[in-house]
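Data block below; observations after.
Source: prediction; values computed, not measured. We count ligands from 1, going down the list as the structure has it; atoms in each ligand are counted the same way. In what follows, every heavy atom counts, from backbone to side chain, and hydrogens, waters and symmetry copies are set aside.
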Amino acid sequence: MPLIAPSPIVSPRLTIRLVSAADLPGLLAVNGDDLVTRHLPYASWKSPADGEAWLARMRAPIDAGTALQFVICNTASGQVLGSCLLFHFIEASARAELGYVLGRAQWGQGLMFEALGALLTQAFGGLGLRRIEAEVNPANTASARLLERLGFTREGLLRQRWVAKGVPHDVNVYGLLRDEWLAGVSAAAAAATATGAT
Ligand SMILES: CC(C)(COP(=O)(O)OP(=O)(O)OC[C@H]1O[C@@H](n2cnc3c(N)ncnc32)[C@H](O)[C@@H]1OP(=O)(O)O)[C@@H](O)C(=O)NCCC(=O)NCCS
């Protein structure tokens, strides 16, 4: 069975919904920034054509049911702030890979933590995933911190795994299991109840 597209996912500040062509101008602003794409395996988008080509490339895994590509929007304004995706879905192992990118003006406000928290709840719930993985350039401190705060474990280093912008680089592989996520959610809820923060 392919990955089933969920209804839009809502968190306190954000709406995470499936991408459409109308989102490309917003995503060009995000992915056209060399600082944003510094640790990513693709060149910054230079023009609308780069966004259109990206969406066309995404069609194959989306249509095959092995990827779900989302945009992250500010619910109040509707502005596209970034994107996240589940890809490399392997049904027999109930496993997928996670990717994410946020516009530079939005960094450091806990927005990706909020977006991925909502996405992981859906992924381990309705989507039925059992394990989620992410590959991170060791130089990408913000991404590593984000995954660790979400409860991911750094499982190992793959040497010279990617060539990005002409330079080979290692990646750390991070993994999160459904049982770990559910235990973390329960612990957070218990702590919030104990402090009266619910
Ligand atoms: C990685 C990224 C998504 C983080 O998003 P974010 O919304 O800023 O993350 P958060 O605000 O939830 O912060 C996550 C952690 O990273 C830290 N952080 C944020 N920006 C940072 C920076 N530029 N340098 C170092 N740490 C940073 C935060 O302080 C926080 O750590 P803490 O929990 O110890 O306080 C964002 O920086 C980004 O889009 N980067 C470019 C794309 C990218 O690298 N994607 C991931 C590829 S693996």
Q: Please step through side chain to side chain contact (heavy atoms under 4.5 Å, CB included) for the pair Leu120 and Phe152, ending with a clear verdict.
A: CA-CA 11 Å; Leu120 290 170; Phe152 280 77; 4.1 Å; yes

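- With sequence neighbours excluded, no residue satisfies side chain to side chain donor-acceptor pair (under 3.5 Å) with Glu91.
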Contacts table for residues 48-68: side-chain donor-acceptor under 3.5 angstrom, sequence neighbours left out:
from: Asp50; atom 1: OD2; to: Lys46; atom 2: N; distance (Å): 2.6
from: Thr66; atom 1: OG1; to: Pro61; atom 2: O; distance (Å): 3.3

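- Contact between Trp107 and Leu102 at its shortest, heavy atoms only, is NE1-O, 2.8 Å.
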For residues 82-89, which side-chain N or O atoms pair as donor and acceptor with protein atoms under 3.5 Å away, sequence neighbours left out?
from: His88; atom 1: ND1; to: Glu97; atom 2: OE1; distance (Å): 2.9

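- Proximity of a side-chain donor or acceptor of Thr75 to a complementary backbone N or O of Thr15 within less than 3.5 Å is detected.
- The immediate protein surroundings of ligand 1, defined as residues with any heavy atom under 4.0 Å of it, consist of Val36, Leu40, Tyr100, Val101, Leu102, Trp107, Gly108, Gln109, Gly110, Leu111, Met112, Phe113, Glu135, Val136, Asn140, Ala142, Ser143, Arg145, Leu146, Arg149.
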